[in-house]
Amino acid sequence: QVRLVESGGGSVQAVGSLRLSCAVSEFSSSTKCMAWFRQTVGQGREGLARIAPGDEGDGAITYAASVKDRFTISRDRSKGIVYLQMNNLQPEDTSMYYCAATGALCWVAGFSQLNYPRWGQGTQVTVSS
């Protein structure tokens, strides 16, 4: 059973940066695609970025329009970590951030939370103005 553990959240002022980490118990056929989502109270989960950790290239990396050019997803296979570098944070980025994994290919899974069966516990990000 793949386990995902997020860390790196916290409080930051607007235009600041944070780097979230998702520690993966093992990269396997269950983690063909991994993604970062966020959810604010009372709203659905929003997909932000996805990556295929096992790929040599970055062709599978995709961003949501709301975070493109500000957020960067990456992975360190040797450490078993998927990162989300977040720059130029704004108050509207305040949310609980989750990483998720699926055995489906990224282009199949997309950003639908229903396609990701494995989730971490989340890490809170708070951005003040």
Side-chain angles (χ1 to χ4, degrees):
Q1 183 79 0
V2 173
R3 296 185 303 277
L4 309 176
V5 180
E6 302 96 333
S7 62
S11 297
V12 65
Q13 290 191 325
V15 308
S17 299
L18 283 174
R19 187 177 76 164
L20 306 183
S21 298
C22 175
V24 186
S25 58
E26 63 174 330
F27 286 126
S28 68
S29 59
S30 298
T31 60
K32 286 182 181 177
C33 185
M34 294 191 63
W36 283 96
F37 288 76
R38 66 186 177 190
Q39 184 172 24
T40 305
V41 175
Q43 300 184 13
R45 287 188 180 180
E46 176 189 12
L48 304 175
R50 61 183 187 253
I51 189 170
D55 286 2
E56 290 298 324
D58 296 334
I61 290 178
T62 306
Y63 297 97
S66 59
V67 302
K68 186 176 174 58
D69 298 328
R70 295 191 301 127
F71 291 8
T72 302
I73 191 170
S74 63
R75 79 310 207 171
D76 186 326
R77 284 194 291 266
S78 65
K79 294 182 179 179
I81 298 177
V82 174
Y83 298 101
L84 186 68
Q85 176 67 42
M86 307 186 296
N87 298 327
N88 191 22
L89 285 162
Q90 300 299 318
E92 53 265 34
D93 294 315
T94 295
S95 190
M96 183 72 80
Y97 284 71
Y98 299 89
C99 71
T102 178
L105 296 175
C106 276
W107 68 271
V108 174
F111 282 133
S112 173
Q113 60 174 313
L114 297 177
N115 293 334
Y116 293 82
R118 298 165 191 84
W119 294 80
Q121 83 290 347
T123 186
Q124 177 68 35
V125 172
T126 302
V127 185
S128 58
S129 58

Side chain to side chain contact (heavy atoms under 4.5 Å, CB included) between T40 and T94: does it pass, once the steps are laid out?
-> CA-CA 8 Å; T40 305; T94 295; over 6 Å; no
Salt bridge (charged side-chain N to carboxylate O under 4.0 Å, His left out) partners of residues 94-112, not counting sequence neighbours, each pair once | none
Can you give me every donor-acceptor pair (side chain of residues 117-129, partner residue at least two apart or in another chain, under 3.5 Å) with its distance?
unit_1: W119; atom_1: NE1; unit_2: Y116; atom_2: O; d: 2.6
unit_1: Q121; atom_1: NE2; unit_2: E6; atom_2: O; d: 3.2
unit_1: T123; atom_1: OG1; unit_2: G9; atom_2: N; d: 3.1
unit_1: Q124; atom_1: NE2; unit_2: S95; atom_2: O; d: 3.3

Which atom pair, heavy atoms only, marks the closest approach of Q39 to Q43?
-> NE2-O, 3.0 Å
Scan for disulfide bond (SG atoms under 2.5 Å apart) pairs involving residues 59-101, sequence neighbours excluded, and state none if there are none.
-> C22-C99
Sequence neighbours excluded, every pair satisfying side-chain hydrogen bond (donor to acceptor under 3.5 Å, both in side chains) that has a member inside residues 18-36 = none
Just grab all the salt bridge (charged side-chain N to carboxylate O under 4.0 Å, His left out) pairs involving residues 62-74, residues at least two apart or on different chains.
-> R70-D93
Do L4 and V24 touch side chain to side chain, with heavy atoms closer than 4.5 Å?
-> yes
Please, which pairs that meet ring pair (Phe, Tyr, Trp, His ring centres under 6.0 Å) have at least one residue in residues 63-89, sequence neighbours excluded?
-> none
The reported gap from CE in M34 to CZ in R75 (rounded to nearest 0.5 angstrom) is 11.5 Å
Of the non-hydrogen atoms in P53 and F27, which two are nearest, and what is the gap between them?
-> CB-CE2, 3.6 Å
Any pair with a residue in residues 31-71 that passes disulfide bond (SG atoms under 2.5 Å apart), sequence neighbours left out, goes on the list, sorted by first then second residue, please.
-> C33-C106
Please collect all salt bridge (charged side-chain N to carboxylate O under 4.0 Å, His left out) contacts where either partner lies in residues 76-87, sequence neighbours excluded, each pair once.
-> E56-R77
Pairs touching residues 97-112 that satisfy side-chain hydrogen bond (donor to acceptor under 3.5 Å, both in side chains), sequence neighbours left out = R38-Y97
For D55, check side-chain hydrogen bond (donor to acceptor under 3.5 Å, both in side chains) against everything at least two apart and list the hits.
-> none
Members sharing V15's hydrophobic cluster, built from side-chain contacts under 4.5 Å between Ile, Leu, Val, Met, Phe, Trp and Tyr, are none
Are V12 and L84 connected, step by step, through hydrophobic side chains (Ile, Leu, Val, Met, Phe, Trp, Tyr) whose heavy atoms are closer than 4.5 Å?
-> yes
Is V82 reachable from I61 through a run of hydrophobic residues whose side-chain heavy atoms are each under 4.5 Å from the next?
-> yes
Residue set satisfying side-chain hydrogen bond (donor to acceptor under 3.5 Å, both in side chains) with T72, at least two apart, ordered chain then number -> none
Can L20 be reached from F111 by stepping across I, L, V, M, F, W or Y side chains whose heavy atoms are under 4.5 Å apart?
-> no
Check whether F37 and I81 end up in the same hydrophobic cluster, where Ile, Leu, Val, Met, Phe, Trp and Tyr are linked by side-chain heavy atoms less than 4.5 Å apart.
-> no
Calculate, to the nearest 0.5 Å, the distance between atoms CG and CZ belonging to L114 and R45 respectively.
-> 10.5 Å
